[in-house]
Amino acid sequence: QVQLVESGGGLVQPGGSLRLSCAASGGPFSRYPVAWFRQAPGKERDFVAGSGPSRGSAYYKDSVKGRFTISRDNAKNTVDLQMNGLKPEDTAVYYCAARRGGIVVTAPTSYDYWGQGTQVTVSS
């Protein structure tokens, strides 16, 4: 059973940066596609970025391309999300997720393991 724990959320002004980190334990993390999702109040959980098991494969929601970067370190069992140029519409609870096999997909129902979430608030 994989456990995921996010950290790094907080309050930031528009245009600022945050780095989220997700630490995994309890399973073969290096074999799993992983992703970051976010959920704003009253909205559905939404795919933000994903990384396949092999380093170098990364996928992004269109609205964050060029601003967010996902990176994973399989030796440390971590996956980070560097967020630059933050906008108020990026405000949400951000979740780390992993699935037991396959490829990165955008549907949250396809992921088997979830962290508890970390709040990101972008406001002046």
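Count residues from 1 along the sequence. Since the model is a prediction, treat every value here as computed from it, not as a measurement. Reckoned from all heavy atoms, side chains included, excluding hydrogens, waters and symmetry mates.
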List the atom of E6, the atom of G115, and the distance in Å for their closest heavy-atom pair. OE2-CA, 3.2 Å
Would you say that R100 contacts Y32 through its side chain, given a criterion of any heavy-atom pair below 4.5 Å between the two side chains? yes
Is a donor on one side and an acceptor on the other found under 3.5 Å between the side chain of S124 and the backbone of Q13? no
When T118, D73, D80, L81 are each screened for side chain to side chain contact (heavy atoms under 4.5 Å, CB included) with S21, the one that passes is D80
Which heavy atom of G27 sits nearest a heavy atom of V2, and at what distance? CA-CG2, 3.7 Å
Distance under 6.0 Å and angle within 45° of the ring axis: does R38 meet both against F47? no
Do V93 and W114 belong to the same hydrophobic cluster, where Ile, Leu, Val, Met, Phe, Trp and Tyr are linked whenever their side-chain heavy atoms lie under 4.5 Å apart, directly or via other members? yes
Are the side chains of P33 and I103 in touch, meaning some heavy atoms are under 4.5 Å apart? no
Taking atom CD of Q3 and atom SG of C22, what is their separation to the nearest 0.5 Å? 11.5 Å
Quick check: is W36 connected to Y60 through a chain of hydrophobic side chains (ILVMFWY, heavy atoms under 4.5 Å apart)? yes
Atom CG of N84 and atom OG1 of T69: how far apart are they, to the nearest 0.5 Å? 6.5 Å
Expected output: side-chain R99 to main-chain A35 donor-acceptor under 3.5 Å: no
Under 4.5 Å between any side-chain heavy atoms of L20 and V120, yes or no? yes
Is a donor on one side and an acceptor on the other found under 3.5 Å between the side chain of R67 and the backbone of G85? yes
Search all heavy atoms of A98 against all heavy atoms of L4 and return the closest pair with its distance. N-CD1, 3.9 Å
Heavy atoms of other groups near R31 CZ, more than 12 under 6.0 Å: no
Any side-chain heavy atom of D46 within less than 4.5 Å of one from K61? yes
I need the minimum non-hydrogen distance between S71 and R19, along with the two atoms involved. OG-NH2, 3.6 Å
Do Y59 and I70 make a side-chain contact, defined as non-hydrogen atoms from C-beta onward lying under 4.5 Å apart? no
Among the clusters formed by ILVMFWY side chains lying less than 4.5 Å apart, do V79 and Y113 turn up in the same one? no
Compare all side-chain heavy atoms of P88 with those of S123 and state whether any distance is below 4.5 angstrom. no
Is the charged tip of R45 near the ring of Y95: under 6.0 Å from the six-membered ring centre and within 45° of its axis? yes
I would like to know whether D62 and K65 meet salt bridge (Lys or Arg N to Asp or Glu O under 4.0 Å); could you show each step before the answer? CA-CA 5 Å; D62 284 347; K65 285 180 180 177; 3.1 Å; yes
Note, V5 side chain near Q116 side chain (heavy atom, < 4.5 Å): yes
State, yes or no, whether a side-chain contact exists between Q82 and S17 at a heavy-atom distance under 4.5 Å. yes
Start with the C-alpha distance between T78 and R72, add both sets of side-chain angles, then the distance that settles side chain to side chain contact (heavy atoms under 4.5 Å, CB included), and finish with yes or no. CA-CA 6 Å; T78 59; R72 67 187 296 168; over 6 Å; no
Minimal heavy-atom distance between V64 and V48, with the atoms involved, is CG2-O, 3.6 Å
With a cut-off of 6.0 Å (strictly less than), are more than 12 heavy atoms of other residues, nucleotides or ligands near CD of E89? yes
Should the pair F37 and Y111 be assigned to parallel (<30°), tilted (30 to 60°) or perpendicular (>60°) ring geometry? perpendicular
